[in-house]
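When a ligand or atom number is given, it counts from 1 through the structure's own listing order. Residues: numbered from 1 along the sequence shown.
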Amino acid sequence: MGKANFRPTSWEQYIGQEDLKTNLQITITASQLENRAVDHILLSGPAGVGKTSLAYLIGVMLKTKTHILHGPNLQKPSDLICVLTQLKDFEVVFIDEIHAISKEVSELLYPVLEDNTLNLIIGKDYNSKNINIPLPKFTLIGATTNLYHLSQPLIQRFPINLTMNNYTLADLQQIIFNCAQQQTIKLGMPEAYFIAQHSRFNPRIAINLFKRIYDYALTTNCKIITIVLIKVVFKNLQIYLGGISKLEINYLSIINNTFGNKPTGIDMIAQVLNEPVVNITNSVEPLLLKLGFLEKTNRGRVITVKGQGFLQKINFKKFENS
Ligand SMILES: Nc1ncnc2c1ncn2[C@@H]1O[C@H](COP(=O)(O)OP(=O)(O)OP(=O)(O)O)[C@@H](O)[C@H]1O
Ligand SMILES: [Mg+2]
């Protein structure tokens, strides 16, 4: 299976996100009826939820060339100008990680997005001249994990601004099952569901878990992936229900044990855990809140009965001081 990334090449293969897909399909059909380019689209959402895949898919659906650019590489205006000046009608320009473009490139994009015009200043000082170059009809798709790093004027110049929705376990089950269908070692829907339950509600994590399980099955010469086999792999990887890892378990046990499950401030937890606060708020707490293991009160964090039940079940003591 190697580095296969399983990018969907049809709407059917792109699982979940139904409202978003419907809206995009309507937009694409309407623009085709009037022979105009699809409006510029901004996609936002956490890592691994299918933004890049969706941008590629839109390009495929429009049967046109997609120019792929990466925000961190767009620092000088010329980095973008050379692509825009070579565009042909109806092509797509995709800027992945658009939050990482420089301020200059961002400002260059304003008239591009608003008036389909490249606004350039030629020459220096008194000899400088403003020229406007009209651009072909094209669609810019931007993707970002960090919407709040984009300037408001830039965000507002995207007529279509889409935020990815959460994935259900059924969606993730289907994504895993579809990946498995392309492989020689087989896996059923119940097994796909079991993996989905450990994938932190995230398609990329789901696929990566499947890859690890597949590798294990391959090396141990298993012809079919069973729940027993999956459990062995999860044990080796130290992954627990929901996709919880050691860091989250340590977090839960600190509140529960060290602080006796009294409402605890994030700074205290971060100190004991020896992790930066942002790491905890961005990577640890969202999953625990989603699983209903954690509650944020105005006096601090507490573990719910469900969270305590989970800790008891996995016998958290063995994680202490490790
Ligand atoms: N809705 C989906 N249906 C099927 N597969 C999906 C879906 N969403 C994501 N995937 C798969 O999950 C993996 C990660 O998706 P993708 O790279 O598009 O995420 P992303 O949002 O661009 O992440 P990042 O912010 O890290 O760039 C890919 O292998 C992709 O095929
Ligand atoms: Mg991406």
Q | Sub-4.0 Å atoms of ligand 1 with respect to non-hydrogen atoms of Ser53 | A | 15 (O), 16 (P), 18 (O), 28 (C), 30 (C), 31 (O)
**Q.** Enumerated ligand 1 atoms positioned under 4.0 Å from heavy atoms of Ile15
**A.** 1 (N), 2 (C), 3 (N), 4 (C)
**Q.** Qualifying residue for side-chain contact (heavy atoms from CB on, under 4.5 Å) with Phe201, from Asp171, Leu169, Asn166
**A.** Leu169
Q) Is there a donor-acceptor contact under 3.5 Å linking the side chains of Thr184 and Tyr214? A) yes
Q | Thr145: numbered ligand 1 atoms lying under 4.0 Å from its heavy atoms | A | 25 (O)
Q | Numbering as shown, the atoms of ligand 1 that approach Pro8 to under 4.0 Å (heavy-atom distance) | A | 4 (C), 5 (N), 31 (O)
Q.
I need the single residue from Phe234, Phe210, Tyr240 that forms a ring pair (Phe, Tyr, Trp, His ring centres under 6.0 Å) with His198. Which is it?
A. Phe234
(Q) Yes or no: does Ala143 have any heavy atom under 4.0 Å from an atom of ligand 1? (A) no
Q.
Is the ring pair Phe158/His40 parallel, tilted or perpendicular, if the boundaries are 30 and 60 degrees?
A. perpendicular
Q) Under a heavy-atom criterion of less than 4.0 Å, does Glu97 contact ligand 1? A) no
Q) For ligand 1, is any non-hydrogen atom under 4.0 Å from Met164's backbone (N, CA, C, O), its side chain (CB onward), both, or neither? A) neither
**Q.** Under 3.5 Å: donor-acceptor pair, side chain of Thr304, backbone of Gly292
**A.** yes
Q. So, Glu114 and Arg157, do they make that salt bridge, N to O below 4.0 Å?
A. yes
Q) ligand 1 versus Ile207, non-hydrogen atoms closer than 4.0 Å: side chain, backbone, both, neither? A) side chain
**Q.** Region of Thr52 engaging ligand 1 - heavy atom pairs below 4.0 Å
**A.** both
Q) Hey, mind stepping through Ser245 and Arg200 against side chain to side chain contact (heavy atoms under 4.5 Å, CB included) and telling me if it holds? A) CA-CA 10 Å; Ser245 66; Arg200 304 175 75 102; 4.2 Å; yes
Q. Considering only heavy atoms of Gln13, which atoms of ligand 1 have at least one such atom less than 4.0 Å away?
A. 3 (N), 4 (C)
Q) What do you reckon, does Gly48 put a non-hydrogen atom under 4.0 Å from ligand 1? A) yes
**Q.** N/O separation below 3.5 Å, Leu54 to ligand 1
**A.** no
Q: Run down the list Arg204, Gln174, Lys51 and name the one with the heavy atom closest to atom 14 (C) of ligand 1.
A: Arg204
Q) Does Gln17 come within less than 4.0 Å of ligand 1, judged by its heavy atoms? A) no
Q) Within the stated cut-off of 2.8 Å, is an N/O/S atom of Thr52 closer than that to the Mg ion (ligand 2)? A) yes
Q) side-chain contact (heavy atoms from CB on, under 4.5 Å) with Phe138: which of Val92, Leu84, Thr64, Val38? A) Leu84
(Q) Closer than 4.0 Å to some heavy atom of Tyr167 - which atoms of ligand 1 meet that? (A) 1 (N), 2 (C), 7 (C), 8 (N)
Q: Give the atoms of ligand 1, by number and element, whose distance to some non-hydrogen atom of Pro203 is under 4.0 Å.
A: 8 (N), 9 (C), 10 (N), 12 (O)
Q. In terms of atom number and element, which parts of ligand 1 are under 4.0 angstrom from non-hydrogen atoms of Gly50?
A. 8 (N), 9 (C), 15 (O), 16 (P), 18 (O), 19 (O), 20 (P), 21 (O)
